[in-house]
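First comes the structure, then the notes that go with it.
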Protein chains: 2
Amino acid sequence: MMTNAVIEKLRVAGLRPTRQRVALAAILFGAGDRHITAEQLHAEAVTAHVRVSLATVYNTLNQFTRAGLLREVAIEGDRTYFDTNTSNHFHYYLEADDRLFDIETSALSVRGLPEPPTGTKIARIDIIVRLTRQ
Amino acid sequence: MMTNAVIEKLRVAGLRPTRQRVALAAILFGAGDRHITAEQLHAEAVTAHVRVSLATVYNTLNQFTRAGLLREVAIEGDRTYFDTNTSNHFHYYLEADDRLFDIETSALSVRGLPEPPTGTKIARIDIIVRLTRQ
DNA sequence: TTACATGCAAACTGTTTGCAAATAT
DNA sequence: ATATTTGCAAACAGTTTGCATGTAA
């Protein structure tokens, strides 16, 4: 992703385009949809010779999420995954590899959902299809 | 749940019916389906005058899960929820209250799921319907 | 020039573990 | 008698925070 486009994206989200944010955004949004942890992103930044602390990576991921640029994916286990695809979609999770990827279809739907309890409404439906090696 | 039934359940699962396990199992399985964290279970045990350490509660929940008596539910956030209903079913999650409950229907189904990637098969489908107060 | 962002280390939370004492078989 | 389980405290992993320094506007 071009640096200018990243900078614009951050500005639109109301975030100052600092060196660290621009570099992290370029990694995150520069190569299609990604599912990444803070630790992984930090490692990639280090590899790309971007000087940024792990704390800043965490803070940045949380800011991006609050700004709607990322979405958190709930997987049981310790690490938190962040997804660069914020549109409505579902996931495969391959436990053996601790890897997460999008289900490539928009045809997927849920049937037979009852009315939610009184006083509540559905905010979002998360679907995780757990895979095992066969 | 009668103590005898709990003891039998533990034996069948290959777990020695110790005082702590029997007491925790009675709390867990004695009152319909429950969704509970280690901390919550520990608090209930203390209230019920069962002397048990938090570490033992954690260990016990993990043992029960390994034995197929419980099921873990992945919610983003820090705490791990354990569900006493191990059958195939889905969940509502009310974020405002950090509360989890079963979707009361067996009619719920997923349509349009593509073939899983080569070399993998579907182990389980987790669905979390996130609710907000309206 | 001023408000905001960063880095670091220290704090914090949920969870696991090592080991001696207690308990089930 | 012996193998398993427990409690405790200490360890641990992932994540957050306080504060001095640095940087964007």
Side-chain angles (χ1 to χ4, degrees), chain A residues 3-4 6-27 35-43 45-46 48-67 69-70 72-82 98 100, chain B residues 3-4 6-27 35-43 45-46 48-67 69-70 72-82 98 100:
Chain A
T3 298
N4 285 345
V6 169
I7 290 178
E8 189 52 25
K9 189 170 180 133
L10 292 177
R11 277 200 214 285
V12 169
L15 297 167
R16 277 193 189 174
T18 64
R19 177 162 59 261
Q20 291 82 342
R21 283 181 185 158
V22 172
L24 294 178
I27 294 173
H35 303 86
I36 201 169
T37 66
E39 200 92 38
Q40 286 167 3
L41 179 56
H42 184 247
V46 169
H49 301 98
V50 176
R51 281 172 36 261
V52 62
S53 71
L54 182 56
T56 296
V57 171
Y58 272 107
N59 292 336
T60 302
L61 285 170
N62 288 331
Q63 288 155 183
F64 285 10
T65 301
R66 255 179 266 122
L69 267 33
L70 293 175
E72 233 174 297
V73 184
I75 299 291
E76 95 257 299
D78 12 25
R79 271 140 291 123
T80 301
Y81 276 88
F82 293 88
D98 194 23
L100 195 63
Chain B
T3 298
N4 284 345
V6 169
I7 289 177
E8 189 53 23
K9 190 170 180 132
L10 293 177
R11 277 199 213 284
V12 168
L15 297 167
R16 277 194 188 174
T18 64
R19 176 163 59 262
Q20 290 84 341
R21 283 181 185 156
V22 172
L24 294 177
I27 294 173
H35 303 86
I36 200 168
T37 65
E39 201 90 40
Q40 286 167 2
L41 179 56
H42 184 246
V46 169
H49 301 99
V50 176
R51 284 172 33 262
V52 62
S53 71
L54 183 56
T56 295
V57 170
Y58 272 107
N59 293 335
T60 302
L61 285 169
N62 287 331
Q63 288 155 182
F64 284 11
T65 300
R66 254 178 268 121
L69 267 33
L70 293 174
E72 233 174 297
V73 184
I75 300 290
E76 95 258 301
D78 12 26
R79 271 139 291 122
T80 301
Y81 276 89
F82 293 87
D98 194 24
L100 195 65

So Ile7(B) and Thr3(B), side-chain contact (heavy atoms from CB on, under 4.5 Å) or not? Walk me through it.
CA-CA 6 Å; Ile7(B) 289 177; Thr3(B) 298; 3.9 Å; yes
What verdict does the side-chain contact (heavy atoms from CB on, under 4.5 Å) test give for Leu24(A) and Val50(A), after you've listed the backbone C-alpha separation in whole Å, the side-chain angles of each residue and the deciding distance to 0.1 Å?
CA-CA 9 Å; Leu24(A) 294 178; Val50(A) 176; 5.5 Å; no
Check the pair Phe82(B), Asn62(B) against side-chain contact (heavy atoms from CB on, under 4.5 Å), reporting the backbone distance first and the verdict last.
CA-CA 9 Å; Phe82(B) 293 87; Asn62(B) 287 331; 4.0 Å; yes
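Atom NE2 of His42(A) is separated from atom C1' of dC8(C) by 12 Å (rounded to the nearest Å). Rounded to an integer number of Å, the gap from CD of Gln40(B) to C1' of dT13(C) is 15 Å. Rounding to whole angstrom units, CZ of residue Phe82(B) and C1' of dT15(C) are separated by 10 Å. Distance Gln63(A) CD to dT16(D) P: 11 Å, rounded to the nearest Å. Atom CZ in Arg79(B) sits roughly 10 Å away from atom C1' in dT13(C) (whole-Å rounding). Rounding to whole angstrom units, CD1 of residue Ile75(B) and P of dG14(C) are separated by 16 Å. Leu54(A) has its CG atom 16 Å from the P atom of dA10(C), to the nearest Å. Here dA5(C) presents its P atom at 15 Å from CG of Leu61(A), a figure rounded to the nearest Å.
Proximity of Tyr58(A) to the phosphate of dT16(D): no side-chain N or O atom is located under 4.0 Å from OP1 or OP2. Phosphate contact (OP1/OP2 of dT15(D), side-chain N/O of Thr80(A), threshold under 4.0 Å): present. Distances shown here put every side-chain N or O of Thr56(A) at or beyond 4.0 Å from the OP1 or OP2 atom of dT6(C).
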What pairs of nitrogen or oxygen atoms, one from the protein and one from nucleotides 17-25 of chain D, lie under 3.5 Å apart?
{"from": "dA25(D)", "atom 1": "OP1", "to": "Arg11(A)", "atom 2": "NH1", "distance (Å)": "2.9"}

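Two residues are said to be in side-chain contact when any heavy atoms from C-beta on lie closer than 4.5 Å; Leu70(B) and Tyr81(B) fail this criterion. Here the side chains of Thr37(A) and Thr80(A) are not in contact, with every heavy-atom distance at 4.5 Å or above. Side chains of Leu10(A) and Phe64(A) form a contact here, defined as non-hydrogen atoms less than 4.5 Å apart. Annotation: side chain of Thr60(B) is not in contact with side chain of Gln20(B) (no heavy-atom distance under 4.5 Å).
A donor-acceptor pair under 3.5 Å is absent between the side-chain atoms of Thr56(B) and the main chain of Val52(B), judged by distance alone. Without hydrogens or angle criteria, Arg11(A) side chain to Arg16(A) main chain gives no donor-acceptor distance under 3.5 Å.
Nearest nucleotide to the side chain of Gln20(A), out of dG14(D), dG7(C), dG14(C): dG7(C). Of the candidates dC8(D), dT5(D), dT15(D), the closest approach to any side-chain atom of Ser53(B) belongs to dC8(D).
For residues 72-81 of chain B, every residue pair satisfying the salt bridge (Lys or Arg N to Asp or Glu O under 4.0 Å) rule, not counting sequence neighbours, is listed here: Glu76(B)-Arg130(B), Arg79(B)-Asp98(B).
An end-to-end axis angle of 30° holds for the helix from dT1(C)-dA25(D) to dT25(C)-dA1(D), taken from five base pairs per end and rounded to 10°.
Of the two residues near DNA chain C, Tyr81(B) and Gly14(A), the one whose nearest nucleotide lies more 5' is Gly14(A). When the nearest nucleotides of DNA chain C are assigned to Leu15(A) and Asp78(B) by heavy-atom distance, the more 5′-ward of the two goes with Leu15(A).
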